[in-house]
Amino acid sequence: KKDLKKMNFLFYLTFNQLMQKVRCDWRSNILDYLGTARSGLKIFPNNSMCTVSDSNNCDWDTLPNTISRIYPGGATGCIFGSEFGFDVFKHSEDSLLIYFQGGGACWNYVTTITEPLCSTTIDDSFASDGIFNNDNLTNPFLNFSKIQINYCSGDVHAGNKTTNYGGEMNVTRVTQNGIMNAKTVLDWLVQQQMNGNIASPLENLIIAGSSAGSIGAQIWASNITNALAAKNIALIFDSYVGVFPKDIEAFLFHEFNACPYLPTTYLQSECQAENVHLYNITKTQLSLLPHHSRIASLVSKRDYVQISYYDALQITSEHSDDFISPSQFYAQFQRILELYTTFPNNSVTIQQPVAFIVDTDIHTYLPHDYMYTTSIYGPLTSFSDANTSALVPWLSAFLNYADQDKLERKDFVICEECAGNLSDVPTEEDLNTTAYCDAVLASRCIVRTLQ
């Protein structure tokens, strides 16, 4: 760990030198992902733009009943200085989905300047696929208003740092503002609830994110639930469980200057000492949630983008011969999910998180229309078999399990879903494949007896 600081993450290693030290597939995988991560974007003819000023707070009740982008200004911004904005998909005033957008990460000179491995600007167009597809009547989020916290800071929504890269004659100033970007959106939402522009309490509040946005949702979970009043709370973490090379995530959180903003003094101290890991943060955040909250993870067994970022982090910390195989990745993320057991909270127990594990290598589901054809066996699945476990019905059940108007039975259960044979203690043969399912995780269910 201390060697990481000494190397300073090889800020001035050229890309050609980097490529000579590593297998090349991680680079193409990441660049392919960044090129397609925001597919399905559209220019909507009736969208609106609003810039916050002293005389205009772009309040909810002044926005049209369509899609709006709000530019809050202030301390917000993208990694290279362009303007940050967040998107409001206005529908219901009592059901709200807050979505953290994904788009990679940038953590040193090579991955920020030489060839950025993160999205560095916000898009001119708006999301229209996946959870944002209002033309698909099976969309579980159809009747929700949605807030998309756009991502252009390269810091998994958790940075507050300015870095000058380059020599004395050619300096590139990089500002990673993920903390201020997300906080500004949350402050705006709190003001809307205080002013009566959205319901207080909200009937339903969902916090979700994909890829880097999944990490953002994990880091911001209790901050949001503590700030906004809501009756029913659900969290959905899509495609980033947190499988990192040893000690590197602790170094990254410290380097991004995320430590002062973590929810407890213990985590802040551990972060400053470079001892904190994402699962520490996530488990603490989940323990601070209201007792009625429910949590789900969506993840692919062989997620090629998570594996590629693991490799990229390895090579930039000069552990170039220690990459991760798909079977190793699968085994590690299951161990992490096992850590999220029941959480005591004021003598009340939060339901154990459940997961929908897909037997494929795809990265992210929520922002794409293939979520509507995905089962535990992958996308484009035929649902002719009544036993096929499909993602969208599973999500619908997960979201609606406490809605008495939509359920005919009193006792309702939503469980872990995974394709494969159950294994209590995976054998050595199991660990060389991804064909099995963790029996500990498979036993997890959300159970609610409705009154």
Side-chain angles (χ1 to χ4, degrees), residues 29 32-33 35-41 97 99-103 127-142 144 146 148 206 208-214 217 234-241 294-308 326 329-330 333-334 337 353-401 414-421 434-438 441-442 444-446:
N29 286 343
D32 287 348
Y33 160 64
T36 60
R38 299 180 181 180
S39 60
L41 299 178
L97 165 63
Y99 178 75
F100 288 81
Q101 188 183 44
S128 63
D129 283 358
I131 61 175
F132 298 97
N133 186 342
N134 287 337
D135 295 326
N136 193 320
L137 298 183
T138 66
N139 185 349
F141 311 93
L142 189 66
F144 281 74
K146 303 172 186 75
Q148 175 162 268
I206 301 173
S210 299
S211 193
S214 173
L235 289 81
I236 305 173
F237 306 139
D238 175 20
S239 299
Y240 228 101
V241 177
R294 51 206 188 275
I295 306 106
S297 292
L298 315 179
V299 61
S300 297
K301 288 185 175 184
R302 301 174 298 280
D303 186 324
Y304 79 101
V305 173
Q306 291 192 64
I307 291 170
S308 296
F329 167 76
Y330 180 50
F333 87 61
Q334 289 182 107
L337 291 177
V354 293
F356 193 93
I357 299 174
V358 188
D359 191 10
T360 185
D361 63 358
I362 284 176
H363 185 64
T364 71
Y365 293 92
L366 295 181
H368 301 289
D369 273 350
Y370 57 70
M371 87 174 207
Y372 294 102
T373 60
T374 291
S375 79
I376 55 175
Y377 303 104
L380 304 178
T381 306
S382 172
F383 297 142
S384 58
D385 182 353
N387 293 321
T388 299
S389 298
L391 175 58
V392 166
W394 187 87
L395 280 173
S396 296
F398 170 76
L399 295 176
N400 294 329
Y401 84 99
I414 181 74
C415 295
E416 183 93 14
E417 291 288 353
C418 175
N421 296 321
T434 60
Y436 66 98
C437 292
D438 186 318
L441 297 179
R444 289 188 178 175
C445 298
I446 291 175

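When a residue number appears, it is its place in the shown sequence, counting from 1.
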field: Test item: Asp129 side-chain N/O and Asp369 main-chain N/O as donor-acceptor pair under 3.5 Å
entry: no
- line: side-chain contact (heavy atoms from CB on, under 4.5 Å) with Cys418: of Ile376, Asp438, Ile357, only one passes, and it is Ile357
task: Please identify each residue that fulfils ring-ring contact (aromatic ring centres under 6.0 Å, His included) with Phe144, with sequence neighbours left out.
output: none
message: Applying side-chain contact (heavy atoms from CB on, under 4.5 Å), can you list everything that pairs with Ser297, at least two apart in sequence or on another chain?
response: Phe237, Leu337, Ala355
query: Is it true that Tyr99 and Phe132 have ring centroids separated by less than 6.0 Å?
result: yes
- line: Taking every heavy atom of Ala234 against every heavy atom of Phe398, the minimum-distance pair comes out as CB-CE2, 3.8 Å
- line: All heavy atoms of Gly420 vs all of Cys437, minimum pair found to be N-SG, 3.5 Å
query: How long is the gap from CD on Glu417 to CG on Leu441, to the nearest 0.5 Å?
result: 12.5 Å
- prompt: Taking only residues two or more places apart in sequence or in another chain, which ones pass side-chain hydrogen bond (donor to acceptor under 3.5 Å, both in side chains) with Gln334?
  reply: Tyr330, Tyr436
Of all pairs that satisfy salt bridge (Lys or Arg N to Asp or Glu O under 4.0 Å), the ones with a partner from residues 353-366, not counting sequence neighbours: Arg302-Asp359
field: Closest non-hydrogen atom pair, Ser300 against Phe329
entry: O-CE2, 3.7 Å
Residues which pass side-chain hydrogen bond (donor to acceptor under 3.5 Å, both in side chains) with Asp238, listed by chain and number, not counting sequence neighbours: Ser210
query: Do Tyr377 and Val358 have side-chain heavy atoms sitting under 4.5 Å apart?
result: no
query: Hey, does Ile206 have a side-chain heavy atom less than 4.5 Å from the side chain of Ile236?
result: yes
- prompt: Got a donor-acceptor contact below 3.5 angstrom from the Tyr372 side chain to the Gly130 backbone?
  reply: yes
Close side-chain approach of Phe141 to Asn133, heavy-atom, < 4.5 Å: no
query: Asn136: what forms a side-chain hydrogen bond (donor to acceptor under 3.5 Å, both in side chains) with it, not counting sequence neighbours?
result: Thr138
query: Going by heavy atoms in the side chains, are Pro326 and Ile307 under 4.5 Å from each other?
result: yes
field: Expected output: side-chain Trp394 to main-chain Cys415 donor-acceptor under 3.5 Å
entry: yes
message: Please report the interatomic distance CD(Glu416) to CZ(Arg444), rounded to the nearest 0.5 Å.
response: 7.0 Å
query: What closest approach, in Å, do Leu391 and Tyr365 show between heavy atoms, and which atom pair accounts for it?
result: CD2-CB, 4.0 Å
message: Quick one: does any side-chain atom of Arg294 pair with a main-chain N or O of Pro353 as donor and acceptor, under 3.5 Å?
response: no
query: Roughly how far apart are Ile131 CD1 and His368 NE2, rounded to 0.5 Å?
result: 10.5 Å
Sequence-distant partners of Ser214, side-chain hydrogen bond (donor to acceptor under 3.5 Å, both in side chains), two or more places apart: Gln218
- request: Could you tell me which residues satisfy side-chain contact (heavy atoms from CB on, under 4.5 Å) with Ala212, sequence neighbours excluded, listed by chain and number?
  value: Tyr151, Val156
- prompt: Side chains of Ser239 and Val299: closer than 4.5 Å at any heavy-atom pair?
  reply: no
- request: Decide yes or no for Lys301 and Thr360: does some side-chain heavy atom of the first lie under 4.5 Å from some side-chain heavy atom of the second?
  value: no
